[in-house]
Amino acid sequence: MTSVNATTPAALDTVRLELGARSYDILVGDGVLADAGERIAAITRGRAPIVVTDANVAPLHLDTLNAAMLEAGIAPQPAIVLPAGEKTKDFAHFQQLMDDILGRGIERSTVLLALGGGVIGDITGFAAASALRGIDFIQVPTTLLSQVDSSVGGKTGINSRHGKNLIGAFHQPRLVIADTATLDTLPRREVLAGYAEVVKYGLIRQPDFFAWLERNGRRVVDGDSDARRHAVTVSCRAKADIVGVDERESGDRALLNLGHTFGHALEAATGFGQTLLHGEGVAIGMVLAFDLSVRLGLCPADDARRARAHLADVGLPVRPADIPGVAWDVDGLVRSMAKDKKVQDGRITFILADRIGNAFTRRDVDAAAVRAVLDESVQPA
Ligand SMILES: NC(=O)c1ccc[n+]([C@@H]2O[C@H](COP(=O)([O-])OP(=O)(O)OC[C@H]3O[C@@H](n4cnc5c(N)ncnc54)[C@H](O)[C@@H]3O)[C@@H](O)[C@H]2O)c1
Ligand SMILES: O=C(O)C(=O)C[C@@H](O)[C@H](O)[C@H](O)COP(=O)(O)O
Ligand SMILES: [Zn+2]
């Protein structure tokens, strides 16, 4: 095992996302942020990036970032600090953020740096895609979800009253710095929400990884440093492999949406807040996708049971009925799913699976089967 101290560089895994001129590195490891100043300076040409973060993350991790930049000769400028949480990913906060960024007198060479979870990464990435028609940005993800998923692949955007992530752009970061030590301060509920996206990679393409998670998932969510780093690195590699061949989701990238057609509808129904976190919606949505696959005769019931059992075992919700205090409206959920970005010719595209580790897309899904799965899932167990 590599030991890490103040004078030894942190143990580092580097995952490369290959996209021609837009390729970039994803640095993963415990303590990598403290050593990342030179990598940041290489992108900003020694100038200070505009750091965008949130009110929870700033007091916890901004000092480490600023110290790393100072060590590389960058004099940090004051960060833009947004309110924490999903409600920040809206038009009003985007407008305010753009005003603040433009108010700093930016040039095309100005670089934004997102320090925080997926909310900060998505809105900052969209600001980078929009400012002066596109400037560079760096992702420094500080949640498990953002380290394994949202910081990689260039999907940026905000929510609208019509649904989740309906406004946005594909805009790749120049560098991702996933310091797994930042996860030490993350509340357990948020760790679990991110873990759902880790499980997703096993379910869509990597049965061996899913089996590893069945054995080691508890170590990951309990913060074991080696297990956590392995899970983040494998996840980033899995995502980089998919995005590298299908950046704009015309094919295999849609697999990364396993559970999201259901999940996004559940999130919209609960108002994009603390009632249901994105990763919790994804956990429930993946179980519903497996249930639907079983109902359509595509997948053995045992595989669906195994997926559900693992998610429940670590402590994730697996049915809408597990979320307290919500009166679910199945018609409303179906209407919301019809606004999904994967709808084509009026038909919802579902990500289904014929076993653990083999997901695929289907457009010809019987609406009655979808409704039956939802009806059953909203009943108390
Ligand atoms: N772009 C993509 O490809 C992609 C992929 C998956 C999810 N997403 C989006 O990501 C968002 C969810 O991201 P998230 O789960 O990171 O949520 P988040 O950004 O809201 O972070 C979760 C909470 O943790 C706090 N936090 C962040 N880092 C912390 C730390 N190290 N210590 C303590 N608290 C910390 C935040 O302040 C927030 O309260 C959703 O909007 C989802 O749609 C995007
Ligand atoms: O990167 C992707 O592609 C994904 O689908 C990753 C998802 O986990 C993520 O939640 C994404 O934002 C969903 O994309 P959307 O296009 O359905 O909004
Ligand atoms: Zn997601």
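Hydrogens, waters and symmetry mates are skipped; everything else that's a heavy atom, side chains included, is used. Each ligand, and each atom within it, is numbered from 1 in the order the structure gives. We're numbering straight along the sequence, starting at 1.
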Checklist line | Winner among D54, D184, V152, L144 once heavy atoms are compared against atom 36 (C) of ligand 1 | finding: D54
Notebook entry, point to check: Polar-atom distance check: S146 versus ligand 1, any N or O pair below 3.5 Å?
Noted result: no
Margin query: Judged on heavy-atom distance to atom 1 (O) of ligand 2, which of K239, H264, E249 sits nearest?
Written below: K239
Note to self: Minimum distance, heavy atoms only, to atom 7 (C) of ligand 1: which one of V282, V191, L145, L115 is it?
What the structure shows: L145
Item checked: Protein contact to atom 35 (C) of ligand 1 [nearest heavy atom, distance to 0.1 Å] -> L186 CD1, 3.5 Å
Check: Short list, please: which atoms of ligand 1 are under 4.0 Å from a heavy atom of N56?
Finding: 36 (C), 37 (O), 39 (O)
Note to self: For the 3.5 Å polar cut-off, considering only N or O atoms, please tell me whether H260 and ligand 2 meet it.
What the structure shows: yes
Next item on the list: Looking only at distances, please establish whether an N/O atom of ligand 1 is found under 3.5 Å from an N/O atom of E86.
Entry: yes
Margin query: Please report whether ligand 1 has a polar contact with T156, defined as an N or O pair separated by less than 3.5 Å (distance criterion only).
Written below: no
Margin query: Which residue and atom name correspond to the protein heavy atom nearest atom 28 (N) of ligand 1, and how close is it?
Written below: T142 OG1, 2.7 Å
Next item on the list: List the closest protein heavy-atom neighbour of atom 12 (O) of ligand 2: residue, atom name, distance to the nearest 0.1 Å.
Entry: N165 ND2, 3.3 Å
Note to self: If the cut-off is 2.8 Å, does any N/O/S atom of D149 fall short of it from the Zn ion (ligand 3)?
What the structure shows: no
Item checked: Polar atom proximity, D122 to ligand 2 (N or O, under 3.5 Å) -> no
Check: Does H264 have a heavy atom less than 4.0 Å from any atom of ligand 1?
Finding: no
Note to self: Under a 4.0 angstrom heavy-atom cut-off, which atoms of ligand 1 come close to V119?
What the structure shows: 11 (C), 13 (O), 18 (P), 19 (O), 20 (O)
Check: Can L288 be reached from V343 by stepping across I, L, V, M, F, W or Y side chains whose heavy atoms are under 4.5 Å apart?
Finding: yes
Next item on the list: Consider ligand 1: state whether an atom of it lies below 4.0 angstrom from any non-hydrogen atom of K239.
Entry: yes
Checklist line | Distance from atom 2 (C) of ligand 1 to nearest protein heavy atom, with residue and atom | finding: S150 CA, 3.5 Å
Next item on the list: I would like to know whether R189 and E280 meet salt bridge (Lys or Arg N to Asp or Glu O under 4.0 Å); could you show each step before the answer?
Entry: CA-CA 9 Å; R189 184 179 173 200; E280 294 169 341; 2.7 Å; yes
Next item on the list: Return a yes/no value for R253: is any of its N or O atoms, backbone included, closer than 3.5 angstrom to an N or O of ligand 1?
Entry: no
Checklist line | salt bridge (Lys or Arg N to Asp or Glu O under 4.0 Å) evaluation trace for R355 with D302 | finding: CA-CA 9 Å; R355 58 182 181 273; D302 260 359; over 6 Å; no
Margin query: Return the closest protein heavy atom for atom 3 (O) of ligand 2 as residue, atom name and distance.
Written below: R253 NE, 2.7 Å
Next item on the list: Specify the protein heavy atom at minimum distance from atom 27 (C) of ligand 1: its residue, its atom name, and the distance to 0.1 Å.
Entry: T143 CG2, 3.2 Å
Check: Taking the six-membered ring for Trp, are F209 and Y201 ring centroids under 6.0 Å apart?
Finding: no
Item checked: Min N/O separation I120 to ligand 1 under 3.5 Å -> no
Margin query: For atom 14 (P) of ligand 1, what is the closest protein heavy atom, and at what distance to 0.1 Å?
Written below: G118 N, 3.5 Å
Check: Any idea which atoms of ligand 1 are less than 4.0 Å away from a heavy-atom of K89?
Finding: 9 (C), 40 (C), 41 (O), 42 (C), 43 (O)
Checklist line | ligand 1 contacted by K164 (non-hydrogen, < 4.0 Å) | finding: yes
Notebook entry, point to check: Can you tell me which residue and heavy atom of the protein come closest to atom 14 (O) of ligand 2, and the distance to 0.1 Å?
Noted result: K155 NZ, 3.1 Å
Note to self: Just to confirm my output: which protein heavy-atom neighbour is closest to atom 8 (O) of ligand 2, and how far is it?
What the structure shows: D149 OD2, 2.6 Å
Next item on the list: Identify, by atom number and element, the atoms of ligand 2 in contact range of K200, meaning under 4.0 Å from any of its heavy atoms.
Entry: 6 (C), 7 (C), 8 (O)
Note to self: Check for me whether K342 has a heavy atom closer than 4.0 Å to any atom of ligand 2.
What the structure shows: no
Notebook entry, point to check: Which of the atoms in ligand 1, numbered in the order shown and given with their element, are less than 4.0 Å from a heavy-atom of K155?
Noted result: 1 (N), 2 (C), 3 (O)
Check: Quick one: nearest non-hydrogen protein atom to atom 17 (O) of ligand 2, plus distance?
Finding: N257 ND2, 3.1 Å
Next item on the list: Fit a plane to each ring of H310 and F210, take the angle between them on a 0 to 90° scale, and name the class: parallel (under 30°), tilted (30 to 60°) or perpendicular (over 60°).
Entry: perpendicular
Check: Of D224, D13, T180, D30, which is the lone residue that meets side chain to side chain donor-acceptor pair (under 3.5 Å) with R229?
Finding: D13
Check: What protein heavy atom sits nearest atom 22 (C) of ligand 1, and how far off is it?
Finding: E190 OE1, 3.3 Å
Checklist line | Element-labelled atoms of ligand 1 that are located less than 4.0 Å from some non-hydrogen atom of T185 | finding: 30 (C), 31 (N), 32 (N), 33 (C)
Check: Can you list the atoms of ligand 1 that are under 4.0 Å from a heavy atom of A84?
Finding: 37 (O), 39 (O)
